[in-house]
Amino acid sequence: MATAQAKAGRREWIGLAVLVMVTLIISMDMTVLSYALPFITADLEPTSSQLLWITDVYAFVLAGLLIPMGTLGDRIGRRRLLMIGAAVFGVASVATALSNSPGMLIGTRAVMGAAGATLMPSTMSLIRNMFHDENERRAAIGLWAAGFSAGGVIGLVAGGALLQYFSWGTVFEINVPIMLLLLILAPLLLPEFRNAAAGRLDLLSTVLAFVAVLPMIWGIKQFAEDGLTWAPVAGVVGGLVFLAVFVLRQRRLADPVIDVRLFRAPAFSAAVVMNVLANFALVGFMFFISQYLQLVLGLRPFSAGLWSLPAAGAAGIGAAVLAPMLAQRFRRAYVAAGGLLVGAAGCVVLAQVGDESGLALVVVGQALMTGGIAMVLTLSAELIVSTAPPERAGAAAGLSETGSQFGAALGVAILGSIGTFVYRRQLSGTAPDGVPADSWATARETLGGAVEESRTLSATAADTLVTLARAAFADELRAAALASAGILVVTAVLAAVLLRNVGASVPGQSPSDGSTDAPRAAGTPTAGPTGPADPDPRATTVDGAGAPDADRVDTDPGPVVRIGPESTGQPARPTHPVA
């Protein structure tokens with residue numbers, strides 16, 4: 001019989017709303033820049049190399065620091081790190097908006113990425129401390145995932161609206177009120193957690209994690225832009241070498257940044273794989289949809305963003321409603337595989353678009369794709385945070401977000417490369433009548449280049465060039481859609497196989513699905529993962545004034561999955577059969 005868990009109150013749910021707003025802002029900042037780039041280029045006149053760094057430095061630094069920052073939060077306090085990150089993120093946003101040179105803009109965006117890396121793992125791991133009931137935690141993570149999934153689309157709409165009336169700096173200044181609200185409400189609504197038994201943060205491991213992730217993601221993104229050249233190959237190979245060194249060091253440390261033994265749990269490994277591949281298809285394909293709406297169908301940026309709102313709504317429903325509801329009734333394998341197949345069906349719909357019409361297909365296909373994948377991202381986030389021992393939830397959350405970034409970069413690179421090959425093959429013939437060879441060469445590179453070149457040609461030649469380029473891009477989009485569908489089907493099979501032994505209850509959360517863990521009575525201490533007895537997480541800690549202490553330090557916010565050897569001197573506790 002499962003142990004009853006305390007229900008969350010109004011304070012926890014309001015606190016969740018604050019965390020979701022933070023997640024929404026971070027996700028928005030990954031896309032809001034796309035519409036501002038033409039204005040930034042006109043104002044600051046960056047070189048092509050500087051423009052690349054302005055675009056990518058935020059995601060690079062964010063991805064490289066997610067794991068170390070998640071571990072740091074476990075040590076110094078997740079709420080404390082969240083507040084530090086919010087303050088830095090707000091200040092860096094103002095500095096970014098006021099940037100008067102490309103170098104300053106690159107530097108401030110890098111600081112924003114570092115601050116964002118403190119926020120993402122903290123928001124996810126704090127949910128574990130706030131919601132002890134499994135169903136409530138599942139619903140909370142669903143809302144969290146919905147905020148992240150919808151943030152990218154909302155960023156496009158908000159960016160288009162702001163740029164229509166204000167300067168490009170306003171797309172960053174919208175971060176400031178949210179960060180101020182977080183600094184005010186966090187001490188009132190969010191619990192503190194830190195692992196009192198954790199050792200010092202290993203700085204060498206932090207550096208190794210950064211230099212492993214950053215060059216790999218950079219190299220993968222460069223593949224999409226420059227093809228197979230020595231620089232991206234060196235980046236990927238160098239990152240893999242540092243990753244191997246990082247893993248070997250973690251295996252030898254008594255208190256590692258990431259406990260690689262977590263991957264012995266099939267549920268944890270499956271969740272990480274699903275997270276990477278789902279983001280591969282989702283983010284990689286979004287690149288094509290935005291271009292199709294604007295450059296093929298001729299929609300303005302704000303209008304294109306509005307037509308993407310149904311996809312944001314579908315993501316919210318999939319993450320916050322369908323995933324929690326279905327996971328209560330069916331095994332994770334069925335729910336995850338079902339969501340991935342829905343996403344694949346959306347890709348098949350998107351593969352039917354034409355070069356002159358297809359808005360309805362894009363709206364329906366994108367909604368199916370994002371809704372199905374959002375379900376999977378909710379389940380993977382829940383499994384990663386809930387399956388990991390509570391004292392390592394921050395590091396696990398950082399690993400989850402790193403997987404998201406890695407999958408997104410991989411999707412952009414591989415799907416982008418497939419699309420580029422198809423596009424260029426369709427335009428491989430000689431230049432049409434009236435189109436100079438130089439203009440034809442530019443048009444063969446990108447659809448955007450073709451549209452720009454058409455403005456320098458006669459009406460007949462311009463119409464011919466744009467028509468051919470749009471038809472080629474439609475072929476490119478259809479090929480990428482089918483490739484994404486294939487990836488999602490393969491991921492569905494992997495999810496069904498790897499999660500086949502995981503029931504409707506998360507491993508380690510309750511013994512109702514066959515665990516040999518015996519339920520404990522409320523208030524009974526258990527042996528913690530580091531040896532000393534832990535207090536019951538449902539017991540209320542009281543400060544000296546007799547009021548509940550909002551700054552309590554929780555050391556066991558939920559039942560623990562035991563991975564690896566138990567601490568010396570403590571009785572062994574049976575592990576969950578699937579972990």
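Along the sequence shown, residues carry numbers from 1.
- Thr370 pairs in a side chain to side chain contact (heavy atoms under 4.5 Å, CB included) with only one of the listed residues (Ile317, Leu282, Leu377), which is Leu282.
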Checking Trp13 against Phe131 for the side chain to side chain contact (heavy atoms under 4.5 Å, CB included) test, could you report, in this order, the C-alpha distance in whole Å, the side-chain angles of both residues, the deciding distance, and whether it holds?
CA-CA 9 Å; Trp13 289 108; Phe131 298 91; 3.6 Å; yes
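- Atoms CG and CE, on Leu98 and Met104 in that order, are 6.5 Å from each other to the nearest 0.5 Å.
- When every heavy atom of Arg11 is checked against every heavy atom of Leu188, the shortest pair comes out as NE-O, 3.5 Å.
- Note that the OG1 atom of Thr96 and the CZ atom of Phe89 stand 8.5 Å from one another [nearest 0.5 Å].
- A distance of 6.0 Å separates CE in Met130 from CG in Leu16, rounded to the nearest 0.5 Å.
- For Leu379 against Ala323, the heavy-atom pair with the smallest separation is CD2-O, 4.5 Å.
- At a threshold of 4.5 Å between non-hydrogen side-chain atoms, the residues Phe268 and Leu383 do not count as touching.
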Report, one line per pair, each donor and acceptor closer than 3.5 Å where one atom sits in a side chain of residues 172-185; sequence neighbours left out.
residue : atom : partner : partner atom : Å
Asn175  : ND2  : Asp29   : OD1          : 3.2
Asn175  : ND2  : Asp29   : OD2          : 3.3
Asn175  : ND2  : Ser93   : OG           : 3.0
Asn175  : ND2  : Phe172  : O            : 3.2

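- Taking both residues in full, the closest heavy atoms of Gly142 and Thr378 are given as CA-CG2, 3.4 Å, listed atom of the first, atom of the second, then distance.
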I would like to know whether Phe246 and Ser205 meet side chain to side chain contact (heavy atoms under 4.5 Å, CB included); could you show each step before the answer?
CA-CA 6 Å; Phe246 173 80; Ser205 293; 4.2 Å; yes
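- Between Gly116 and Leu62, the closest heavy-atom pair is C-CD1, 3.3 Å.
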Determine, stepwise, if the pair Leu119 / Leu82 fulfils side chain to side chain contact (heavy atoms under 4.5 Å, CB included).
CA-CA 5 Å; Leu119 299 173; Leu82 185 71; 3.6 Å; yes
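- In terms of the side-chain contact (heavy atoms from CB on, under 4.5 Å) criterion, residue partners of Ile14 (sequence neighbours excluded) are, by chain and number, Arg10, Leu189.
- Met69 CE to Ile76 CD1: the interatomic distance, rounded to the nearest 0.5 Å, is 9.0 Å.
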With side chain to side chain contact (heavy atoms under 4.5 Å, CB included) as the test, would you mind laying out the steps for Trp168 and Leu44 before giving the verdict?
CA-CA 11 Å; Trp168 60 264; Leu44 302 183; 4.1 Å; yes
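- Here the OG atom belonging to Ser380 is positioned 11.0 Å from the CD1 atom belonging to Ile373, to the nearest 0.5 angstrom.
- By the 4.5 Å heavy-atom criterion applied to side chains, Arg109 and Ser99 are not counted as neighbours.
- In this view, Val111 and Val88, Ala92 satisfy the side-chain contact (heavy atoms from CB on, under 4.5 Å) rule, not counting sequence neighbours.
- When atom types are taken as modelled, the side chain of Asn279 and the backbone of Asn275 share a donor-acceptor pair closer than 3.5 angstrom.
- Looking at every heavy atom in both residues, Val61 comes nearest to Ala114 through CG1-N, 3.5 Å.
- Between Ala374 and Ala315, the shortest heavy-atom distance links the atoms CB-O, 3.4 Å.
- Remark: the backbone N or O of Leu190 is paired with a side-chain donor or acceptor of Arg79 at under 3.5 angstrom.
- Note: Leu81 CG to Glu192 CD = 9.5 Å, rounded to the nearest 0.5 Å.
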